[in-house]
Participant: 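Structure in structure tokens, see below.
Reckoned from all heavy atoms, side chains included, excluding hydrogens, waters and symmetry mates.
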Amino acid sequence: MSYTSEKELPIHEWLYKHLNDPLIFVNEEHLIVRCNPSAVQLMGEVEGSSVDIFFPREKWRHAKESHQVLHLNKKLKGTFQLKSLKLEEEALYAIIIVPVSIPEEHRKILKEWDQVRSEGVVIHEDGVIVDCDSTFAHLFGHEPEDLRGTEVYQLVDRKHHQRVTNLSMNDEESPPIKGMGKNGNAVFVEVVAHRYAQNDLVRVAIVRDVTERVHNEKKIEFMSYFDEMTDLPNRLYFNEILSQAIQEAHGNGEKFAVHFIDIDYFKQINDTLGYTFGDKLLQACASRLKKTNGSTTFVARLGGDEFLMLQRYINSMEEAENHAQSMIDTFKQPVTIDGYDLFTTISVGLSYYPFQGTTVDELIKKADSAMYTVKETQPNSFMSYDTSMTEKFENMLSIETNLRKAIERDELQVHYQPQKSILTGKVVGMEALIRWHHPTRGVVSPSEFIPIAEKNGLIVEIGEWVMREACIQNKQWQDQGHPPVIVGVNLSALQFHQKDIVQRVKRVLKETGLDPHYLELEITESMAMSNEEYIIKTLNDLRNLGVHVSIDDFGTGYSSLKYLSRFPVSKLKIDKAFINENQEQNQAIVKSIIHMSHSLNMKVIAEGVETAEQLAFLKAERCDEMQGYYYSRPLPPEELSSIFTRDHLH
């Protein structure tokens with residue numbers, strides 16, 4: 001049975017008309033069948049209309065008796081408490097609409113909290129916003145009036161809906177909730193929920209904007225786990241992934257490989273073309289390695305020019321070696337930087353789980369050993385670890401560690417090998433040669449530690465120390481009354497290609513008081529030919545200081561007469577390989593070098609002279625100077641007094 005306006009109501013007519021609160025009756029078809037005068041004043045003439053256009057159905061029909069507080073839709077202005085009662089026998093719903101005093105009360109709350117700029121306040125009932133302050137609204141890019149009647153969930157990222165649902169009362173701290181601003185930007189907030197006064201149906205939430213903090217935390221996390229220059233994971237992240245792979249493989253019998261990757265000749269490129277170019281090269285190489293990073297591989301930057309790759313789920317060592325070769329092949333195409341095509345290569349060392357290690361350190365260390373070996377013997381290729389590499393690699397690490405402490409412990413010394421004029425028989429110079437006397441190892445050969453120093457960059461510090469010591473010693477000999485001689489100091493490629501090398505030499509000369517005319521800097525033939533214009537400028541600047549420059553190991557490189565004719569070089573040193581082997585072909589080369597040097601107004605000195613026959617040959621060919629064991633081995637400074645005396649230089 002359905003009621004109409006003419007039907008008798010289950011309430012006294014006088015009470016019905018004089019009830020101050022709006023009262024409506026709704027039938028089972030959701031139609032409003034009667035409205036008292038207060039309801040008409042609030043809602044207008046709505047008899048026969050659907051109640052659903054005013055109240056959400058679930059708010060008034062889901063229980064026999066319910067009390068709801070809500071901000072009604074735009075047809076009704078204000079906040080009301082809805083009291084509904086289902087009258088079973090009459091098949092009617094009686095709904096009393098009671099205006100509540102929330103607006104006056106929460107305006108006080110909003111005013112108080114508006115003093116705190118970083119925190120907003122929202123009042124809601126069952127997830128629907130009753131009211132909010134401007135701070136809350138502006139946080140999401142809205143005005144307060146735009147949000148009234150809106151569900152809170154519309155402002156929250158879908159993935160964080162559950163966090164909102166699980167918020168508990170008076171929870172002092174909660175994980176940040178991700179919201180979405182009007183412009184689509186992410187907004188992160190912390191929410192503390194409270195009951196509204198004595199009303200259990202209304203909630204007040206204090207919302208704090210923590211977007212900047214979350215972004216900073218994400219940035220810190222990124223910096224902790226990623227390399228800023230290349231955007232690749234860093235060693236810390238790689239170690240975690242490798243550790244996880246080890247744990248999983250231990251349980252399921254998986255096999256995998258670790259690739260240790262190094263860019264060949266990167267230090268020379270970096271020092272010759274500059275660090276900015278070097279950084280761009282690293283980024284380009286990292287980008288190329290990323291292309292090999294599939295679902296079963298994980299690439300990271302270890303540091304410098306070294307990278308690591310984890311290759312999982314392999315069935316054989318051959319699979320890993322094929323992958324290493326594929327990485328090497330990707331570098332057959334040039335890397336383009338600032339419009340220039342640069343050809344570079346990589347060397348790769350491999351280790352395997354579980355055959356060559358079952359820990360993070362073991363696997364990385366053994367892959368590093370293999371990489372170091374392949375780089376020393378055959379760059380631009382790969383090599384798998386074998387046990388013979390361990391001793392060599394550990395020795396290299398030991399030398400590197402001890403070498404860093406050698407200078408401060410006064411373990412390094414400079415010995416001097418006399419250079420003799422073939423024409424007069426007088427000593428005309430000394431070549432400074434570094435020696436290392438280790439307290440437990442004894443004498444460590446330069447052939448062992450110089451390549452390591454060049455690899456780790458320590459050669460720059462060592463080289464400058466040798467230059468300073470040689471200048472101090474030469475000045476001391478002069479102060480002792482010995483006629484002055486030239487002291488020769490070898491410059492490494494890293495030293496020579498420093499942008500401020502001329503200023504460094506000038507500073508050493510000034511601090512030691514040595515006349516520049518008595519210092520000779522020796523560079524190798526390959527260094528001189530690597531970058532013509534830059535080399536010529538540096539050599540001219542050194543010559544303007546008054547310093548001599550000689551080319552060491554001449555004859556082993558690829559010199560051009562065109563270059564030599566332009567270089568301000570005072571002397572060529574014939575490599576000892578051409579002197580020690582008295583073959584007819586080598587003698588012809590020595591003759592050519594001597595004659596060419598004289599035609600270019602350069603002196604020529606032969607090193608490695610060990611026999612009278614060699615000296616006689618050089619004298620016959622009018623070689624200017626010689627040095628070698630035939631005359632004297634390198635000696636410490638205190639033993640050179642006899643040389644000066646023997647040659648009557650004082």
Participant: More than 12 non-hydrogen atoms from neighbouring residues, nucleotides or ligands closer than 6.0 Å to NZ on Lys619, yes or no?
Facilitator: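 Result for NZ/Lys619: open.
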
Participant: Has Asp264 got a side-chain atom pairing as donor or acceptor with Asn380's backbone, closer than 3.5 angstrom?
Facilitator: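 At least one qualifying donor-acceptor pair exists.
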
Participant: Between Ile263 and Leu282, is there a side-chain heavy-atom distance shorter than 4.5 Å?
Facilitator: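 Yes, at least one pair of side-chain atoms sits under 4.5 Å.
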
Participant: Taking side chain as C-beta onward, heavy atoms only, is Arg543 less than 4.5 Å from Val549?
Facilitator: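 Contact flag for Arg543/Val549 side chains = no.
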
Participant: Do Ser632 and Gln417 come within less than 4.5 Å of each other through their side chains, counting heavy atoms only?
Facilitator: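 In short, these two side chains do not touch, never coming nearer than 4.5 Å.
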
Participant: Show, in sequence, the C-alpha distance, side-chain angles and deciding distance for Phe260 and Ile364, and conclude whether the side chain to side chain contact (heavy atoms under 4.5 Å, CB included) test is met.
Facilitator: CA-CA 7 Å; Phe260 200 112; Ile364 293 178; 4.2 Å; yes

Participant: For residues Trp477 and Tyr518, establish whether the separation of their ring centroids is below 6.0 Å.
Facilitator: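 Ring centres of Tyr518 and Trp477 not closer than 6.0 Å.
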
Participant: Can you check side chain to side chain contact (heavy atoms under 4.5 Å, CB included) on Leu308 and Val299, steps first, answer last?
Facilitator: CA-CA 6 Å; Leu308 290 165; Val299 183; over 6 Å; no

Participant: Is there a side-chain contact between Pro418 and Gln627 (heavy atoms, below 4.5 Å)?
Facilitator: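 When only atoms from C-beta onward are counted, Gln627 and Pro418 do not touch, as no gap falls below 4.5 Å.
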
Participant: Thinking salt bridges, do Arg404 and Glu461 make one under a 4.0 Å N-O criterion?
Facilitator: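 No, no charged N to carboxylate O under 4.0 Å.
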
Participant: Taking atom CD1 of Ile328 and atom CD of Gln325, what is their separation to the nearest 0.5 Å?
Facilitator: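 Result: 5.0 Å between the selected atoms.
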
Participant: Which pair of non-hydrogen atoms, one from Pro637 and one from Val414, has the smallest distance, and what is that distance?
Facilitator: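 Minimum heavy-atom separation between Pro637 and Val414: CD-O, 3.6 Å.
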
Participant: Does Glu318, at its CD atom, have more than 12 non-hydrogen atoms belonging to other residues, nucleotides or ligands within less than 6.0 Å?
Facilitator: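 No.
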
Participant: Verify side chain to side chain contact (heavy atoms under 4.5 Å, CB included) between Leu539 and Ile523, making sure each step is shown before the conclusion.
Facilitator: CA-CA 10 Å; Leu539 293 177; Ile523 62 174; 4.1 Å; yes

Participant: Ignoring hydrogens and angles, tell me if any N or O in the side chain of Lys603 forms a donor-acceptor pair with the backbone of Leu572 under 3.5 Å.
Facilitator: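 Side chain of Lys603 to backbone of Leu572: no pair is present.
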
Participant: Residues in side chain to side chain contact (heavy atoms under 4.5 Å, CB included) with Glu621, at least two apart?
Facilitator: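 Per chain and number, Glu621 pairs via side chain to side chain contact (heavy atoms under 4.5 Å, CB included) with Lys591, Ile594, His595, Phe617.
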
Participant: Between Lys576 and Glu607, does any NZ, NE, NH1 or NH2 come within less than 4.0 Å of an OD or OE carboxylate oxygen?
Facilitator: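 No.
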
Participant: For residues 502-516, which residue pairs pass the side-chain hydrogen bond (donor to acceptor under 3.5 Å, both in side chains) check, not counting sequence neighbours?
Facilitator: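 Residue pairs passing side-chain hydrogen bond (donor to acceptor under 3.5 Å, both in side chains), neighbours aside: Glu464-Arg504, Arg468-Glu511, Asp500-Arg504.
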
Participant: With respect to Val489, which candidate in Met467, Met430, Glu431 satisfies the side chain to side chain contact (heavy atoms under 4.5 Å, CB included) definition?
Facilitator: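 The single option meeting the side chain to side chain contact (heavy atoms under 4.5 Å, CB included) with Val489 is Met467.
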
Participant: Using a strict 4.0 Å threshold on nitrogen-to-oxygen distance, state whether Glu625 and Lys571 make a salt bridge.
Facilitator: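 Salt bridge present between Glu625 and Lys571.
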
Participant: Any chance you could measure Phe266, atom CZ, to Thr344, atom OG1, to the nearest 0.5 Å?
Facilitator: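 It is 9.0 Å, given to the nearest 0.5 Å.
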
Participant: Taking the side chain as C-beta and beyond, is there a heavy-atom pair between Val443 and Trp436 under 4.5 Å?
Facilitator: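 A side-chain contact is absent here, since even the closest heavy-atom pair is not under 4.5 Å.
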
Participant: Do side-chain atoms of Arg288 reach the backbone of Thr330 as a donor and acceptor pair under 3.5 angstrom?
Facilitator: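 Pair found, side chain donor or acceptor close to backbone of Thr330.
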
Participant: Using a 3.5 Å distance criterion without hydrogens, assess whether the side chain of Glu639 forms a donor-acceptor pair with backbone atoms of Pro636.
Facilitator: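 Not a single qualifying donor-acceptor pair exists.
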
Participant: First locate atom CE of Met602, then atom OG of Ser570, and finally report the distance between them rounded to the nearest 0.5 Å.
Facilitator: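 Between Met602 CE and Ser570 OG, I get 8.5 Å after rounding to 0.5 Å.
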
Participant: Under the criterion side chain to side chain contact (heavy atoms under 4.5 Å, CB included), I'd like the reasoning laid out for Phe277 against Leu342: C-alpha separation, chi angles, the key distance, then a yes or no.
Facilitator: CA-CA 11 Å; Phe277 189 92; Leu342 177 69; 3.7 Å; yes

Participant: Can you name the closest pair of heavy atoms from Tyr629 and Pro634 and give their distance?
Facilitator: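 Nearest heavy atoms, Tyr629 then Pro634: CE1-CD, 3.8 Å.
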
Participant: If we only count heavy atoms from C-beta on, is the Pro354 to Lys255 side-chain gap below 4.5 Å?
Facilitator: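 Pro354 reaches Lys255 side chain to side chain.
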
Participant: Would one find more than 12 heavy atoms of other residues, nucleotides or ligands at under 6.0 Å from atom NZ of Lys375?
Facilitator: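 Atom NZ in Lys375 is packed in, count exceeds 12.
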
Participant: Which distance, rounded to the nearest 0.5 Å, do you find between the CD of Glu400 and the OG of Ser398?
Facilitator: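 OG of Ser398 is found 10.0 Å from CD of Glu400.
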
Participant: Using 4.0 Å as the upper bound for N to carboxylate O, is an ion pair formed by Asp227 and Arg301?
Facilitator: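 So Arg301 pairs with Asp227 through a salt bridge.
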
Participant: Which heavy atom in Ser550 sits nearest to a heavy atom in Lys573, and how many Å separate them?
Facilitator: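 Minimum heavy-atom contact is OG-CD, 4.4 Å.
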
Participant: Less than 4.0 Å between a side-chain N and a carboxylate O, is that true for Lys332 and Asp329?
Facilitator: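 Between Lys332 and Asp329 there is a salt bridge, with a charged N closer than 4.0 Å to a carboxylate O.
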
Participant: Locate the shortest heavy-atom distance separating Met309 from Phe238; write the atom from each residue and the value.
Facilitator: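 So the two residues come closest at C-CE1, 3.8 Å.
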
Participant: Quick one: closest heavy-atom pair of Leu542 and Phe496, and the distance?
Facilitator: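 Closest approach of Leu542 to Phe496: CD1-CE1, 4.3 Å.
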
Participant: Are there over 12 heavy-atom neighbours, none belonging to Tyr237, within less than 6.0 Å of that residue's OH?
Facilitator: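 Counting neighbours around OH of Tyr237, 12 or fewer heavy atoms of other residues, nucleotides or ligands fall under 6.0 Å, so no.
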
Participant: Going by ring pair (Phe, Tyr, Trp, His ring centres under 6.0 Å), Phe256 matches just one of Tyr353, Tyr352, Phe298. Which one?
Facilitator: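 So, applying the ring pair (Phe, Tyr, Trp, His ring centres under 6.0 Å) to Phe256 and each of Tyr353, Tyr352, Phe298, only Tyr353 qualifies.
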
Participant: Tell me, please, which residues at least two apart from Ala370 pass side chain to side chain contact (heavy atoms under 4.5 Å, CB included).
Facilitator: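 Listed in chain order: Tyr385, Met389.
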
Participant: Step by step, work out the side chain to side chain donor-acceptor pair (under 3.5 Å) result for Gln311 and His259.
Facilitator: CA-CA 8 Å; Gln311 181 187 7; His259 300 249; 2.9 Å; yes

Participant: What distance separates Leu310 CG from Asn239 CG, expressed to the nearest 0.5 Å?
Facilitator: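 Nearest 0.5 Å value for the CG-CG distance: 11.0 Å.
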
Participant: Looking only at atom types and distance, does a side-chain atom of Asp552 sit under 3.5 Å from a main-chain N or O of Asn490, one as donor and one as acceptor?
Facilitator: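 Here the side-chain-to-backbone pair does not exist.
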
Participant: Ignoring hydrogens and angles, tell me if any N or O in the side chain of Ser287 forms a donor-acceptor pair with the backbone of Gln283 under 3.5 Å.
Facilitator: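 Here the side-chain-to-backbone pair does not exist.
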
Participant: Output yes when a side-chain donor or acceptor of Gln378 lies under 3.5 Å from a complementary backbone atom of Val374, and no otherwise.
Facilitator: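 Not a single qualifying donor-acceptor pair exists.
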
Participant: Do His517 and His548 have side-chain heavy atoms sitting under 4.5 Å apart?
Facilitator: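 Side chain of His517 against side chain of His548, heavy atoms only: contact under 4.5 Å found.
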
Participant: With a 6.0 Å cut-off (strictly less than), is the heavy-atom count around NE2 of His437, excluding the residue itself, greater than 12?
Facilitator: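 Counting neighbours around NE2 of His437, more than 12 heavy atoms of other residues, nucleotides or ligands fall under 6.0 Å, so yes.
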
Participant: Rounded at 0.5 Å granularity, tell me how far CG in Leu289 sits from OG1 in Thr297.
Facilitator: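 Reported value, rounded in 0.5 Å steps: 10.0 Å.
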
Participant: Should we say atom CG of Leu423 is surrounded by more than 12 heavy atoms from elsewhere, each under 6.0 Å from it?
Facilitator: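 12 or below, so no.
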
Participant: Can any side-chain N or O of Ser243 pair as donor or acceptor with the backbone N or O of Glu240 at less than 3.5 Å?
Facilitator: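 Absent.
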
Participant: Any heavy-atom pair between the side chains of Leu350 and Val258 that's under 4.5 Å?
Facilitator: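 Not in contact.
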
Participant: Would you name the heavy atoms of Asp231 and Glu228 that are closest together and state the gap between them?
Facilitator: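 Asp231 and Glu228 have their closest heavy atoms at OD1-O, 3.6 Å.
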
Participant: Please check: side-chain N/O of Gln614 versus main-chain N/O of Glu610, any donor-acceptor pairing under 3.5 Å?
Facilitator: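 Yes, the answer is positive, given that a donor and an acceptor are paired below the 3.5 Å cut-off.
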
